[in-house]
Protein chains: 2
Amino acid sequence: MHHSFSLLILSVMLLKVYAGKVLVFPVEGSHWINMKVLIEELHSRGHSIAVVRASNSWTIEEESPYYRSITVNLGRFDADSVSSFSARLLQLRREKNNFWTYLLLQMEVVEQLSKMHQDICNMMTLMFQDKILMNSLLDAKYDLILTDPAFGGGVFLARRLGLPLVLNVRWTDRAEAHFAIAPSPLSYVPVPGTELTDKMTFLQRLYFGPDVDYFSLFQDADIWLMRNDFTFEFPRPTMPNVVYMGGFQCKPSKPLPADLEGFVQSSGEHGVIIMSLGTLFSELPYDIADEIAAAFAQLPQKVIWRYTGPRPATLGNNTLLVDWLPQNDLLGHPKTRVFVAHGGTNGVQEAIYHGVPMVGLPLVFDQPDNLSRMNAKGTAKIVNIATLDRTVFLEALKEVLYEPSYRENMQRLSRLHRDQPMKPLDHAMFWIEYVMRNRGAPHLRTQSFRMSWMAYHSVDVILTLLAIVLIISLMTFSLIRLLCKRILLKNKIKHG
Amino acid sequence: MHHSFSLLILSVMLLKVYAGKVLVFPVEGSHWINMKVLIEELHSRGHSIAVVRASNSWTIEEESPYYRSITVNLGRFDADSVSSFSARLLQLRREKNNFWTYLLLQMEVVEQLSKMHQDICNMMTLMFQDKILMNSLLDAKYDLILTDPAFGGGVFLARRLGLPLVLNVRWTDRAEAHFAIAPSPLSYVPVPGTELTDKMTFLQRLYFGPDVDYFSLFQDADIWLMRNDFTFEFPRPTMPNVVYMGGFQCKPSKPLPADLEGFVQSSGEHGVIIMSLGTLFSELPYDIADEIAAAFAQLPQKVIWRYTGPRPATLGNNTLLVDWLPQNDLLGHPKTRVFVAHGGTNGVQEAIYHGVPMVGLPLVFDQPDNLSRMNAKGTAKIVNIATLDRTVFLEALKEVLYEPSYRENMQRLSRLHRDQPMKPLDHAMFWIEYVMRNRGAPHLRTQSFRMSWMAYHSVDVILTLLAIVLIISLMTFSLIRLLCKRILLKNKIKHG
């Protein structure tokens, strides 16, 4: 056994033939956090990286030891528009939870995503018109473009520069990423945004999928690095060029700072609850924050809550408000009992990695779906922000704290997630370097997207076969009628 | 980088927690050759293996250092029936190559496969009635069943013993393996046995797929170890529990025996041609052998031909007839120029591994499809056995010998095939041990096969939506008619 692994190491080392040049086109916010993980790893493996960022970027640093940045003018969207968008979404989520507010929310999301998409398109148009910039990008002879295709910019750029393309992807602004590439029977692959599972009733399946025209641009990608895996995702069809790297950003926890460790240890046998609603929702409307704080105050656990709004009046002595928390180190701490989160992909993957059950407050994007998956696997309780009060929230916390199945199920997911032939980050690196070594991966891309809708679904074939059956039936019928007539005629002549 | 790989080795070693017990239900012939590769590797990793074999088995040894055999009575099929079947198939293949002989051939294959399937069913019935045997199998507490599901026996046994199931699979007696599990749009996934590629014209797509009812038995399998990969196979939808281990049996070549090495070296700059038609067709009708020998005799290359029939009169001095040849060591020899083969999966994978272009003489089963894939990738020339004579065969040999693209394309496939994150055999071992560690892999199995055909294709949903549209249209129409009538009536009253 040792022998074959030495061989494996040797062959992997031999395959890494040269230092490549990677052009990264990222997306802001939490998407940038996980892209940085890939960039730092690429850098440590000797590749050189350039990152395209907008001049008004609010998360992508201009200076970095890991990459050279290419700052382009543009960006109608900035930190302010994003936080006002988040506030509006939160407001809609809170309004009475019926079908019409759901529809309004979805429309708002679609509208805002379209605006962001338009913003990126404007930025690309300006970039493409800047001949000096485009020539310098061409002259740099990058080996590939690595992009988060949520709004498409990097996909356009790859097409324009004629470069191999690797996607770091969870969703695009039209749908969950799989819908662009793999056959997705809507009967057992739930439509994104519906929070459904892979066991759907007839009524649930009565729902139409998104328009997929926009996807044709994405289907030239060489490799799809998908930010999930099948401990997280329901089993579903996939494609040879899809690499599941869910949890690639996860790592063992490091010791906490002394003061935080002291607070955590003071929880004794009861343990601690961690709460964070991610980068977009670090603030909350005051009345919600007050209900949440009141629920926490009634528990014997200690609570560490990432919250930047005004201090709630109901805040208990057991609750520590912080501007920022070392989420990975806290989730990996043996005293951590529950993770209260909005259900972003990064946080859910970290909870799976560390085996911490969740109470979910889903807000937008893929969050409701992510938490719906955790709920279906018995690892999370979901609280609707529209109906949240101290009683409801306290009940949810108590259920996940004291019903052992939540923890057991999450620990089982954690074991399965870690039980992989390669670490997800190494796997992602292998395929990025594979595309560089082999100048793309066309042999892993399906022919299917070059077909018309008619041909893909064999509609032409089926119609032709039906036509043949029809013609044969008609001919047979005519023949029989003709024969019958003749016989009748003969009989008439005979007997007549 | 070195650090992460040390971690990888450590984690793989930690994961291998105990020596498992594996019950193997193999298929005879070339299928047994590749199953033995898995058995020997499992043995070397400390697992204990038991193999179920029929008392009249002609390839599965009763005594072995690697496994304990469980010999069961039965087997109408033996070495003689297999070789008479092969002879009959060869005869049909040789008859004039029109649609009717193709149909006859396919019918013969289906009939014989059904007989073999029936044979296995009888064997299983007798096994299941043997209470002492069944109790001993239950008492042994195997961790999983590893089976080649070509004829289904091991699949029945796994269901009966309630054990996790791992398939070592290329095809089942109803279709290519993927058709049992992954969505297989017939528009770009060619129907097995048709030798089509993934670029099909309308006329080619006008062909119906096989009946898939039989597959429901297979869909409980935890892991499908597929004996191909995407250097060999066209890109197509796959499933999370399908592991591609194509080429798992391939290994670097060892030095040849001195006499064979001397013969190979005597070829000088011209190099050697290797010919073997596999275990089923080591003999050939005399006239075909004579044509083949005559073609070989006209070449400056040396030829090593695995052939057990009577010596052809036309045999040249450059051609060495052998009963058996070290195929892997010859394919890996730098003097080897062309591999003449029937296109069995094992041989094609070895040719890909060593980068040797092929002249293909496809006979039955998956052979025509395998060679059609190699032909589409520009790595093989196919000769139809029905029209084979010395001229045709010589032309094919010369084309592959002297047109550099064949070799270049095969060397490129070879590079891509070897460029994998893990060796295929290690990958297969990982997933077999994964099923043992986790007592199955239900979270990787799709829900889809538990659905009816109607529900899977959302026919119920579509019909309901159509019905709603129809009802609304009818109601609207009736309403309009009613209104028109009223207005007309009013007008009549007014003006009448």
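The figures that follow rest on heavy atoms only: side chains count, while hydrogens, waters and symmetry mates do not. By convention in this document, chain letters (A, B, ...) are assigned in the order of the sequence lines, proteins followed by strands, and residues within each chain are numbered from 1.
Within 6.0 Å of the NZ atom in Lys251(B), the count of heavy atoms belonging to other residues, nucleotides or ligands does not exceed 12.
Contact between Pro240(B) and Pro235(A) at its shortest, heavy atoms only, is CG-CA, 4.0 Å. A pairwise comparison of heavy atoms in Arg437(A) and Asp419(B) identifies NH2-OD1, 2.7 Å as the closest pair. When all heavy atoms are compared, the tightest approach of Phe430(B) to Gln420(A) is CZ-C, 3.2 Å.
In terms of non-hydrogen atom pairs under 4.5 Å with chain B, the most contact-rich of Thr231(A), Leu444(A), Leu416(A) is Leu416(A).
The distance from atom CZ of Arg415(A) to atom CG of Asn438(B), rounded to the nearest 0.5 Å, is 8.0 Å.
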